[in-house]
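Below is one structure; the comments refer to it alone.
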There are 2 protein chains.
Amino acid sequence: MQKIEKLLESKNIRVTAMRLLIYKFLAEKQIAVTLSDIENAFEKADRTTLYRTVKTFEEKDIVHQIDDGTGITKYALCENGCNCEIERDLHLHFHCNNCNETVCLTEHKIPQIKVPDGFVSENVNLVVKGICDKCSGQ
Amino acid sequence: MQKIEKLLESKNIRVTAMRLLIYKFLAEKQIAVTLSDIENAFEKADRTTLYRTVKTFEEKDIVHQIDDGTGITKYALCENGCNCEIERDLHLHFHCNNCNETVCLTEHKIPQIKVPDGFVSENVNLVVKGICDKCSGQ
DNA sequence: AATATCAATGCAATGGAAGTGCAATTACTG
DNA sequence: CAGTAATTGCACTTCCATTGCATTGATATT
Ligand SMILES: [Mn+2]
Ligand SMILES: [Mn+2]
Ligand SMILES: [Zn+2]
Ligand SMILES: [Zn+2]
């Protein structure tokens, strides 16, 4: 995958085997993953390396962090061509109470939220909890 | 404060000195507090007691938990006459990136959020981050 | 190619917060 | 005043996030 290498280089991230693997792993998954998920997928690698790799990706706006309320931070690849450097991609996240999976609903942007006078809104986190499409059985 | 005692009794919570103190503490504060905040306010009391007191309040719908994305759960009194037993009070929470305080904006209800077909929405967490009224200097 | 330099990785340890088991204490009941 | 049940305090555990430091690996320079 030359594409991934190109992407990493364009963000000034050195291409390493580990980073390519983790990127591919994130790209395959359609859901947000925890560090433990990554850990289980790469048992040979050290936890710290995985942690720091994801953090690097996060700093360079390749992945974004998701707080879905489970208390465990999850990560997902940013949308292709997102502008995280300029402005957080304010899409909706959905957490399934049944299968415990969290997905990015990138096509569902967060509506403008009114705040009282004196308050300045800079960022919004919106998580909907319920039953996902796979679990609702249709 | 006979009122607090009445409230606790109406929720089948035994009135104890500790519980009255913690309730008053939460009532005085206009912001959401962490367990550590309570701990600092009652250094004589044991952390576990404070923890369990808040949990009891939460179960009995006297306080609600707030996940503002800081990774530390916060708590705030429910609105007077809220119907948390029946349906979570879906109001907005605001987290100030400057003073790090989180407030309930109880008058700002969360708008209806559209989710894709097959998804069932049961609950919504909406946190706006930015600068609060105290910090924005007006 | 050998060396110097800097980044990436692995290992060990730490810290913070949430949660639990059990014994001691306190409050309620008859 | 017992007897019983709930509350409180202490110690301990678990889980995740994070850091320090030594080691390995890659890159650039001579
Ligand atoms: Mn997302
Ligand atoms: Mn609130
Ligand atoms: Zn599901
Ligand atoms: Zn503020």
Side-chain angles (χ1 to χ4, degrees), chain A residues 4-5 7-26 32-60 62-76 95 100 102, chain B residues 4-26 32-60 62-76 95 100 102 125:
Chain A
I4 304 177
E5 305 191 14
L7 173 67
L8 295 185
E9 276 167 10
S10 78
K11 301 265 187 179
N12 284 317
I13 302 174
R14 280 203 195 163
V15 177
T16 68
M18 201 71 256
R19 287 173 176 169
L20 286 174
L21 285 171
I22 294 179
Y23 187 96
K24 281 181 202 164
F25 175 74
L26 291 169
V33 301
T34 65
L35 193 61
S36 298
D37 292 334
I38 305 178
E39 226 181 317
N40 294 334
F42 301 96
E43 304 213 331
K44 296 167 237 163
D46 187 75
R47 202 189 142 65
T48 315
T49 306
L50 304 173
Y51 172 75
R52 284 197 264 235
T53 301
V54 175
K55 282 294 165 197
T56 303
F57 283 178
E58 197 191 343
E59 280 164 22
K60 298 300 174 71
I62 288 178
V63 307
H64 61 281
Q65 196 171 331
I66 300 160
D67 172 18
D68 62 7
T70 56
I72 304 162
T73 45
K74 297 185 177 172
Y75 304 91
H95 175 77
N100 211 33
T102 297
Chain B
I4 304 177
E5 305 191 12
K6 283 268 194 298
L7 172 68
L8 295 184
E9 277 166 9
S10 78
K11 302 264 188 180
N12 285 316
I13 301 173
R14 279 202 196 165
V15 177
T16 68
M18 202 71 256
R19 287 171 176 171
L20 287 174
L21 285 170
I22 294 178
Y23 187 97
K24 280 181 204 164
F25 175 74
L26 291 169
V33 299
T34 66
L35 194 60
S36 297
D37 291 335
I38 304 177
E39 228 182 312
N40 294 334
F42 301 96
E43 303 213 333
K44 295 167 237 163
D46 187 75
R47 206 179 58 78
T48 315
T49 305
L50 304 173
Y51 171 74
R52 286 200 262 237
T53 301
V54 174
K55 282 294 166 197
T56 302
F57 283 179
E58 196 190 346
E59 280 164 23
K60 299 301 175 72
I62 288 178
V63 308
H64 62 281
Q65 199 172 325
I66 300 160
D67 173 17
D68 62 7
T70 56
I72 304 162
T73 45
K74 296 185 179 174
Y75 304 91
H95 176 76
N100 211 34
T102 297
N125 184 33

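Note that these values count all heavy atoms, side chains included, but never hydrogens, waters or copies made by symmetry. Note that the structure is a prediction, hence the values are computed from the model and not measured.
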Could you run through nucleotides 17-30 of chain C and give me one letter per nucleotide, 5' to 3': B if any protein heavy atom sits under 4.0 Å from the base, S if only the sugar-phosphate is that close, - if neither?
SBBBBB--------
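To the nearest angstrom, P of D/dA26 lies 20 Å from CG of A/Asn12. Atom CG of A/Asp46 and atom P of D/dA22 are 17 Å apart (whole Å). Atom NZ in A/Lys44 sits roughly 15 Å away from atom P in C/dT9 (whole-Å rounding). Rounding to whole angstrom units, CG of residue B/Asp37 and C1' of C/dG16 are separated by 14 Å. Rounding to whole angstrom units, CG of residue A/Leu20 and C1' of C/dA8 are separated by 14 Å. Rounded to whole angstrom, the span from the CZ atom of B/Arg19 across to the P atom of D/dG9 amounts to 12 Å. In this structure, CD of B/Glu39 is placed 12 Å from P of C/dG16, rounded to the nearest angstrom. As a whole-Å value, the separation of A/Met18 CE from D/dT24 P is 18 Å.
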Stepwise side-chain contact (heavy atoms from CB on, under 4.5 Å) test for B/Lys11 and B/Glu59:
CA-CA 10 Å; B/Lys11 302 264 188 180; B/Glu59 280 164 23; over 6 Å; no
Yes or no on side-chain contact (heavy atoms from CB on, under 4.5 Å) for B/Asn100 and B/His95, after CA distance, side-chain angles and deciding distance?
CA-CA 7 Å; B/Asn100 211 34; B/His95 176 76; 3.1 Å; yes
Let me see the working for A/Ile62 and A/Leu8 under side-chain contact (heavy atoms from CB on, under 4.5 Å), right down to the final yes or no.
CA-CA 9 Å; A/Ile62 288 178; A/Leu8 295 185; 3.7 Å; yes
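Here B/Lys6 does not pair with B/Glu9 in a salt bridge; the nearest charged N to carboxylate O distance is not below 4.0 Å.
A pairwise comparison of heavy atoms in A/Tyr75 and A/Leu26 identifies O-CD2, 4.5 Å as the closest pair.
B/Arg47 places no side-chain N or O within 3.5 Å of a backbone atom of B/Glu39 that could act as its donor or acceptor partner.
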